[in-house]
Student: 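First the structure, which I've put down as structure tokens, then a few questions once you've had a look.
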Amino acid sequence: MDPRVQQFMAMIKARNAGENEFHQAVQEVAESLIPFIEENPKYKHAKILERIAEPERTIIFRVPWLDDKGEVQINRGFRIEMNSAIGPYKGGLRFHPTVNLGILKFLAFEQVFKNSLTTLPMGGGKGGSDFDPKGKSDNEVMRFCQSFMTELFRHIGADTDVPAGDIGVGGREIGFLFGQYKRLKNEFTGVLTGKGIEWGGSLIRPEATGYGATYFAQEMLSTRGDSITGKTVCVSGSGNVSQYATEKITQLGGKVVTASDSNGFIYDPKGIDSDKLKYIMDLKNVKRGRIKEYAEKFGVEYFEDKRPWIIKCDIAMPCATQNEINEEEAKLLVKNGCYVVSEGANMPSTPEAVEVFLKAKILYGPGKAANAGGVATSGLEMTQNSMRLPWSREEVDNRLHTIMKNIHATCVKFGTREDGYINYVDGANIGGFVKVANAMIAQGVV
Ligand code: NDP
């Protein structure tokens, strides 16, 4: 490791002990940025890297609620307000039992660069709770959301901090959270994105992350005169991002052969067509069942406790969670002919896996670029809320598509190496950094 990166990481690890995912995210960015900062000393003198890795504000709070049996339950709530140099804090809420401070800090840190890449005026934040919505009744989820918002409301606002969904937070949860915010503040404002279409939401927001990651794959392929048509694609997850990545790939002529959840994955060699996808959407969004039921329904193979990367494919789209592709799996993907990875999830590849992809010189689109379509469309939802004027499906989709093309162009600008290989990791990190860093310098030592 570059000794300058080593020294910087020693400081980060000492200040943020035990926050492994945060260390991982910061190290990846530091590896891209430290050489760039050496060439651009104004960032060094202003200690931008040191400042950008320290949240502006961290809020941790108790979330007590009553379950259906009348028993008191206690969860922990968080909001990390990471950086507001270019706009109000913006980033999702995650409800999952694994949630802790280090995971949310990694997500908030990534969000700063991602939001900058979208070209929209949004700072970075992230939040959530160790609450597990699985197995809870709608009433329990509602009571939890109301209690969570009863503390969070005083820290957020349409011009201050605008949360959205993430793992475990979809349309249902955003509805309950918004209802409680409105009641507490007596204000109907765009304080959350991912809202229902009848009450301030944007068309295409549910589709945006999955569609955007697919558009990004398409852009990467076009640099080699190639396209998605006819390609076999492994997608992981079966939630929001995964569902709409599958839909868009299929529309563009690709064949998605896998879907997964935290218990295992299904392999459907004929492809998950639109009817089968409808089944998954009903299974996951309404019945809240397990992906195993797909295998029983359509008579395909189910792999318990396994991830999709053992299946041969041209394109891999991890759309479930962090660190879901390890070094061994990355090697297997490459060996089996996979030459495109477009990350719908945040940091789904371990550093060793990323190294494998870069060494093999495949088209590797890291999450902070490839999945930025979700937050970009949240930005478009904020614009529509401010104007009090909704846009059509086509208008939002066209804007999303253009934003993904622009993010790709930024990565090409900052990531193209002498031999012509595009290192999208460097491209996204440097491309996302410059605007935020310049804004921080302009605003003084704050
Ligand atoms: P959902 O909750 O809708 O779906 C998550 C999916 O991933 C589910 O299939 C879930 O399975 C699976 N999953 C979650 N945790 C794990 C785990 N620890 N191991 C294996 N599988 C797991 O979330 P989203 O689709 O919204 O988010 C997926 C990823 O995309 C996350 O990394 C998120 O940060 C990222 N992302 C999301 C955006 C959005 O707009 N929603 C925007 C940008 C990035 P199970 O049902 O068993 O839990």
Side-chain angles (χ1 to χ4, degrees), residues 21 25 90-100 103-104 106-108 110-111 113-115 117-118 124 126-128 131-135 163-174 192-194 201-202 204-213 216 235-246 258-266 280-281 283-285 287-294 303-309 317-326 342-349 365-381 400 404:
E21 289 84 359
K90 180 90 197 89
L93 296 172
R94 175 175 292 191
F95 293 169
H96 195 273
T98 57
V99 161
N100 59 37
I103 288 184
L104 294 178
F106 118 63
L107 288 163
E110 293 262 302
Q111 197 81 46
F113 296 83
K114 184 189 304 190
N115 292 4
L117 281 170
T118 67
K126 199 84 188 187
F131 172 74
D132 186 359
K134 264 190 226 122
D166 190 73
I167 292 178
V169 179
R172 175 181 62 169
E173 291 75 18
I174 293 290
L192 291 163
T193 57
S202 173
I204 300 286
R205 176 61 188 91
E207 293 89 337
T209 310
Y211 278 19
F216 198 83
V235 173
S236 67
S238 48
N240 172 266
V241 179
S242 169
Q243 292 170 11
Y244 289 104
T246 300
T258 60
S260 72
D261 60 23
S262 43
N263 296 107
F265 81 91
I266 58 101
I280 293 182
M281 288 179 169
L283 177 71
K284 285 290 171 184
N285 309 347
K287 299 200 177 80
R288 300 186 189 272
R290 309 307 300 158
I291 201 67
K292 189 180 178 182
E293 296 166 50
Y294 179 106
F303 297 77
E304 182 89 28
D305 285 333
K306 292 265 172 354
R307 300 191 281 220
W309 321 124
M317 293 190 57
C319 295
T321 192
Q322 64 274 0
N323 293 328
E324 55 165 318
I325 303 182
N326 62 27
S342 186
E343 295 183 340
N346 284 308
M347 206 168 76
S349 308
K368 64 170 81 70
N371 72 36
V375 71
T377 309
S378 274
L380 301 178
E381 183 172 328
L400 166 65
M404 294 316 296

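Note that ligands are numbered from 1 as they come in the structure, with each ligand's atoms numbered from 1 the same way. Residues: numbered from 1 along the sequence shown. For clarity, every value in this text was computed on a predicted model and none was experimentally measured.
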Student: Report the relative orientation of the aromatic rings in Phe265 and Phe303; use parallel for angles under 30°, tilted for 30 to 60°, perpendicular for over 60°.
Tutor: parallel

Student: Are Glu381 and Arg205 ion-paired here, with the side-chain N under 4.0 Å from a carboxylate O?
Tutor: no

Student: State if Arg94 counts as touching ligand 1 under the rule of any non-hydrogen atom under 4.0 Å.
Tutor: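 Yes.
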
Student: Looking only at heavy atoms of His96, does any of them come nearer than 4.0 Å to an atom of ligand 1?
Tutor: yes

Student: Between Lys126 and Asp166, is there a salt bridge with N-O shorter than 4.0 Å?
Tutor: yes

Student: Should Pro348 be listed as contacting ligand 1, given a heavy-atom distance under 4.0 Å as the test?
Tutor: no

Student: Looking only at distance, does Ser262 have an N or O less than 3.5 Å from an N or O of ligand 1?
Tutor: yes

Student: Any idea which atoms of ligand 1 are less than 4.0 Å away from a heavy-atom of Thr321?
Tutor: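 Close to Thr321: 15 (N), 16 (C), 17 (C), 18 (N), 19 (N), 32 (O).
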
Student: Which atoms of ligand 1 are found less than 4.0 Å from any heavy atom of Lys284?
Tutor: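 Those of ligand 1 that fall under 4.0 Å from Lys284 are 46 (O).
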
Student: Checking Asn346 against Lys114: is there a side-chain donor and acceptor pair closer than 3.5 Å?
Tutor: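 Result is yes, a qualifying pair exists.
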
Student: I'd like to check Val375 versus Thr118 (side-chain heavy atoms, cut-off strictly below 4.5 Å). Are they in contact?
Tutor: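 In contact.
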
Student: Say whether Lys134 and ligand 1 are in contact under the criterion: heavy-atom distance to a ligand atom below 4.0 Å.
Tutor: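 Distance cut 4.0 Å: Lys134 passes for ligand 1.
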
Student: Is it the side chain, the backbone, both or neither of Glu207 that has a heavy atom closer than 4.0 Å to ligand 1?
Tutor: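 Neither part.
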
Student: At what distance is the nearest protein heavy atom to atom 42 (C) of ligand 1, and which residue and atom is it?
Tutor: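 Scanning the protein heavy atoms, the shortest distance from atom 42 (C) of ligand 1 goes to Thr209 OG1, 3.3 Å.
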
Student: Would you kindly specify which portion of Arg290 sits under 4.0 Å from ligand 1, judged on non-hydrogen atoms: side chain, backbone, both or neither?
Tutor: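 The part of Arg290 near ligand 1 is the side chain, not the backbone.
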
Student: Below 4.0 Å from ligand 1: does a non-hydrogen atom of Gly344 turn up there or not?
Tutor: yes

Student: Taking non-hydrogen atoms only, is Cys319 closer than 4.0 angstrom to ligand 1 via side chain, backbone, both or neither?
Tutor: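 It is the backbone that touches ligand 1; the side chain stays farther off.
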
Student: For ligand 1, is there an atom lying under 4.0 Å from some heavy atom of Arg307?
Tutor: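 The answer is no: ligand 1 sits nowhere under 4.0 Å from a heavy atom of Arg307.
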
Student: Could you say whether the N/O atoms of Leu107 and ligand 1 ever approach to under 3.5 Å?
Tutor: no

Student: Identify, for atom 13 (N) of ligand 1, the protein heavy atom at the shortest distance, and state residue, atom and that distance.
Tutor: Ala320 CB, 4.1 Å

Student: Mark up the atoms of ligand 1 that fall under 4.0 Å of a heavy atom belonging to Asn240, in ascending order.
Tutor: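 Within the 4.0 Å cut-off of Asn240, ligand 1 contributes 3 (O), 25 (O), 26 (O), 41 (N).
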
Student: As an exercise, identify every atom of ligand 1 less than 4.0 angstrom from a heavy atom of Ser238.
Tutor: 9 (O)

Student: Quick one, Glu207 with Thr377, criterion side-chain contact (heavy atoms from CB on, under 4.5 Å). Give me CA distance, side-chain angles, the key distance, then yes/no.
Tutor: CA-CA 9 Å; Glu207 293 89 337; Thr377 309; over 6 Å; no

Student: Any N or O of Gln322 that comes nearer than 3.5 Å to an N or O of ligand 1?
Tutor: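 The answer is no, given that Gln322 and ligand 1 share no N or O pair closer than 3.5 Å.
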
Student: With heavy atoms of Ala345 as the reference, note each atom of ligand 1 found under 4.0 Å away.
Tutor: 29 (C), 30 (O), 32 (O), 35 (C)

